[in-house]
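One structure follows; several queries about it will come next.
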Amino acid sequence: MQFRLPRGTQDILPEDQPYWQLVTSTAQEMARRFAYDRIDTPVFEQAGLFERGVGEGTDIVEKETYTFPDRSNEMMTLRAEGTAPVCRAYLEHGMSNMPQPVRMHYFCPIFRYERPQAGRFRQHNQFGVEAIGDGDPSVDAEVIDLGWRFTEALGLKGLTLVINSIGDPECRPKYLETLKAAYKPYLEKVCPDCRMRFERNPLRMLDCKRTDFACQEHIAAAPQMADYLCDGCADHFAKLQGYLTSLGIPFQVNSSLVRGLDYYTRTVFEIQPPEEGAQSTVLGGGRYDGLIEQLGGRSTPGVGFGSGLERLVLNVKRQSVDIGENLVGVVDAVVVSMGDAAASVAVKLASQLRNSGLRAVLAQPGRSLRGQMRHATALGARYTLVIGDTEVEAGTAQLKDMATGDQRQVPLEEAASVICKGSDGI
RNA sequence: GUGAGCGUGGCCUAGCGGUAAGGCGCCUGUCUGUGGCACAGGAGACCGAGGGUUCGAAUCCCUUCGCUCACCCCA
């Protein structure tokens, strides 16, 4: 084979489309109920947007972006993340003049140059929402509520909502200092990765899973962010938990929940499915009160999440969720013909059926009758319409119900309506 | 970027040193105007690629590419 799809990309084949349809239509319905209107942003942006927005020190920007100079040597980056572009659009279109917060949702492909593995791709699709312009914890709760109802509505069982507060620019630096101070004497005992994290991203040390070094005991003994939150952050987090409780959404507070993007402040959260597997997070997000300002706007709070559609599809399949009527490949009628005269009548009949809204296929006129009938069976046709010389003369077709084998002659112009009645099943 | 496993027709699988086998699927026929079953036949593979060992390699060795899984990190 000469051409293959690029590493980390995938074809979504017709047979998978019903699952995608379930996921996207459910997402759309949730966005509608919560009044999050749709926004689409370009597939690529000026490279600086992601550098400034996501953070230059993050893995995403440092080694995962698809960045290239265009023909006039401007650096462009394929969308590496959904939030920064939406914030850019918020600023660019003066949305601060709209009633706040501005609620938006999006469906878009995301590109990251990573080594692919189960549930991880170089191009994947996200459904995401953003509520920009309101810092109240009730908005955090609303966004989480939307995400929770969405995954729930997909029929997924055993989901876990994990939340945490990572503070703000006021209290986080102080906490990081104490955390590092606590680790400093023991750097030799901790794994090499944690030694790196100590410099690059200390919060990550709390998330280390290695047991072959002393990491775990230091995690247990480490100071907790919760104890260092400033009054504002502590109050925000407490209120959020109160709202979630009254919403009846079960959650776990996990102080080691850290996210890889620099812009998060205060609330961060993830929804995880029951299957273990390495890439388990199906939806993740948080608050980003500093992002808009970072992008050159006035200080504006925001919250949102992104959810990975292929991971959701994976879980829907794994849990054998009923995809209902979204079946592919059901054909209402196949038109079968014998002889040249019948062929042109058949071509016209198939067209008429389609114009009546039926899903109709014309069997290749050259094939044997037997072959055409087999083809109809293979396509799962509910009816066949057979036209031979006799039918051409009479202006009729033999209508056969493929399930029962019953067959009768119908005038050509009545064929569509007879099938429609039958297909309604009423 | 690091590590491990695997690469045989569209899909799945056998063969593991003597020049490719089976199943599914597709097409045709048995049934010159009727499918789902059965039977018969057909199309479709330079055995991922390159090099080496050998009289001879899909089978052994090396290299490379690709796929998969895991780490890092993320949806």
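Every heavy atom of this structure was used, including side-chain atoms; hydrogens, water molecules and symmetry mates were not. Letters A, B, ... mirror the listed sequences (proteins, then strands); counts begin at 1.
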**Message:** Any base atoms under 4.0 Å from A:Leu261, or only sugar-phosphate, or nothing? Heavy atoms, all strands.
**Reply:**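 Answer is sugar-phosphate: A:Leu261 comes under 4.0 Å of backbone atoms only.
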
**Item:** Whole-angstrom distance between B:C37 and B:C16, as gauged at atom C1'
**Value:**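 It comes out at 39 Å once rounded to the nearest Å.
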
**Message:** If I take atom CG in residue A:Leu203 and atom P in nucleotide B:C73, what distance separates them, rounded to the nearest angstrom?
**Reply:**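 Between P of B:C73 and CG of A:Leu203: 12 Å.
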
**Asked** Which is true for A:Arg122 with a 4.0 Å heavy-atom rule: it touches a base, it touches only sugar-phosphate, or it touches nothing?
**Response**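 Answer is nothing: A:Arg122 stays at 4.0 Å or more from every strand.
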
**Request:** Could you tell me the separation between the NE2 atom of A:His124 and the P atom of B:C73, rounded to a whole number of Å?
**Result:** 17 Å

**Asked** Mind checking the P distance from B:A40 to B:C24? Whole angstroms is fine.
**Response** 11 Å

**Request:** Identify whether the distance between the nearest side-chain nitrogen and carboxylate oxygen of A:Asp401 and A:Arg408 falls below 4.0 Å.
**Result:**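 Salt bridge flag = no for A:Arg408 with A:Asp401.
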
**Asked** Separation of A:Leu5 atom CG from B:G48 atom C1', in whole Å?
**Response**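 Checked: the CG to C1' distance equals 15 Å.
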
**Request:** Give the stems involving RNA chain B, where a stem is 3 or more consecutive Watson-Crick or G-U wobble pairs (i with j, i+1 with j-1, and so on) under 3.5 Å.
**Result:** B:1-7 with B:65-71, B:10-13 with B:21-24, B:26-30 with B:38-42, B:48-52 with B:60-64

**Message:** Check this for me, if you would: do A:Lys180 and A:Glu177 make a salt bridge, where the nitrogen-to-carboxylate-oxygen distance has to be below 4.0 angstrom?
**Reply:**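 Salt bridge: no.
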
**Prompt:** Mapping A:Val258 and A:Pro6 onto RNA chain B by nearest heavy atom, which one lands closer to the 5' end?
**Reply:**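 Looking at the nearest nucleotide for each, A:Pro6 comes out on the 5' side.
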
**Message:** Between P on B:C73 and CG on A:Leu206, what's the gap in Å once rounded to a whole number?
**Reply:**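 Atom-to-atom, A:Leu206 to B:C73, this comes out as 12 Å.
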
**Prompt:** Is the closest basic N to carboxylate O distance between A:Glu45 and A:Arg79 below 4.0 Å?
**Reply:** no

**Asked** Contact class for A:Arg115 (heavy atom, under 4.0 Å): base, sugar-phosphate, or nothing?
**Response** base

**Message:** Roughly how many Å apart are B:G18 and B:A57, using the C1' atom of each and rounding to a whole number?
**Reply:**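 The answer is 9 Å between these two C1' atoms.
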
**Between B:C27 and B:U53 - P atom distance, rounded Å** = 48 Å

**Message:** For the aromatic rings, using the six-membered ring if either is Trp, is the centroid distance between A:Phe127 and A:Phe107 under 6.0 Å?
**Reply:**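 So the answer is yes for these two rings.
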
**Item:** A:Leu161 CG - B:A75 C1' separation (whole Å)
**Value:**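 It works out to 16 Å between those atoms.
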
**Item:** Of A:Arg7 and A:Glu310, the one whose closest RNA chain B nucleotide lies more 5'
**Value:** A:Arg7

**Asked** Strictly by modelled atom types, are A:Tyr19 and A:Glu310 linked by a side-chain donor-acceptor pair under 3.5 Å?
**Response** no

**Message:** Taking only side-chain N and O atoms of A:Arg197, does any of them lie within less than 4.0 angstrom of OP1 or OP2 on B:C73?
**Reply:** yes

**Asked** Does a salt bridge link A:Glu152 with A:Arg149, judged by any charged N lying under 4.0 Å from a carboxylate O?
**Response**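 A salt bridge is present here (some side-chain N lies under 4.0 Å from a carboxylate O).
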
**Message:** How would you summarise protein contacts on nucleotides 30-35 of chain B per nucleotide, using B for base, S for sugar-phosphate only and - for none, with heavy-atom distances below 4.0 Å?
**Reply:** BB-BBB

**Request:** Look at all strands and tell whether A:Glu270 reaches a base, only sugar-phosphate, or nothing, counting heavy atoms closer than 4.0 Å.
**Result:** nothing

**Asked** Using atom C1' of each nucleotide, how far apart are B:C65 and B:G25 to the nearest Å?
**Response** 29 Å

**Message:** For A:Ser255 and A:Asn164, which I'm curious about, is there any donor-acceptor pair between the side chains at under 3.5 Å?
**Reply:** no

**Asked** Between B:A75 atom C1' and A:Asn315 atom CG, what is the distance in whole Å?
**Response**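 So the CG-C1' distance, A:Asn315 to B:A75, works out to 12 Å.
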
**Message:** Give me the distance, rounded to whole Å, that separates B:U64 from B:A45 when you measure between the P atoms they each carry.
**Reply:**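 So the two P atoms sit 30 Å from each other.
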
**Fill in**
Which of A:Ile419, A:Val336, A:Val418 passes side chain to side chain contact (heavy atoms under 4.5 Å, CB included) with A:Leu385? It is A:Ile419

**Message:** If you count every heavy atom of other residues, nucleotides or ligands that lies below 6.0 Å from A:Phe44 atom CZ, does the total exceed 12?
**Reply:**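 Counting neighbours around CZ of A:Phe44, 12 or fewer heavy atoms of other residues, nucleotides or ligands fall under 6.0 Å, so no.
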
**Asked** Considering only the C1' atoms, how many Å lie between B:C69 and B:U63, rounded to the nearest integer?
**Response**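 Looking at atom C1' only, B:C69 and B:U63 are 24 Å apart.
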
**Request:** Would you confirm whether the ring centroid of A:Tyr113 sits within less than 6.0 angstrom of the ring centroid of A:Tyr66?
**Result:**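 Close enough - the centres of the two rings lie under 6.0 Å apart.
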
**Request:** Just call it for A:Gly82: base, sugar-phosphate, or nothing, with non-hydrogen atoms closer than 4.0 Å on any strand.
**Result:**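 If one applies the 4.0 Å heavy-atom cut-off, A:Gly82 turns out to touch nothing in the nucleic acid.
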
**Asked** Once you round it to whole Å, what is the distance between C1' of B:A75 and CG of A:Leu156?
**Response** 14 Å

**Message:** How many whole angstroms separate atom CZ of A:Phe3 from atom P of B:C67?
**Reply:** 16 Å

**Message:** Taking CD in A:Gln46 as the centre, count heavy atoms belonging to other residues, nucleotides or ligands within less than 6.0 Å. Is the count above 12?
**Reply:** no

**Request:** Can you check whether any acceptor in the base of B:G48 is under 3.5 Å from a donor in the side chain of A:Arg4, or vice versa?
**Result:** no

**Prompt:** Within the structure, does a side-chain N or O atom of A:Gln117 lie under 4.0 Å from either OP1 or OP2 of B:A70?
**Reply:** yes

**Item:** Spacing of the C1' atoms in B:C67 and B:C61 (rounded, Å)
**Value:**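 Per the computed distance, 23 Å lies between those C1' atoms.
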
**Request:** Would you indicate what A:Phe121 reaches in the nucleic acid, counting non-hydrogen atoms under 4.0 angstrom: base, sugar-phosphate, or nothing?
**Result:** base

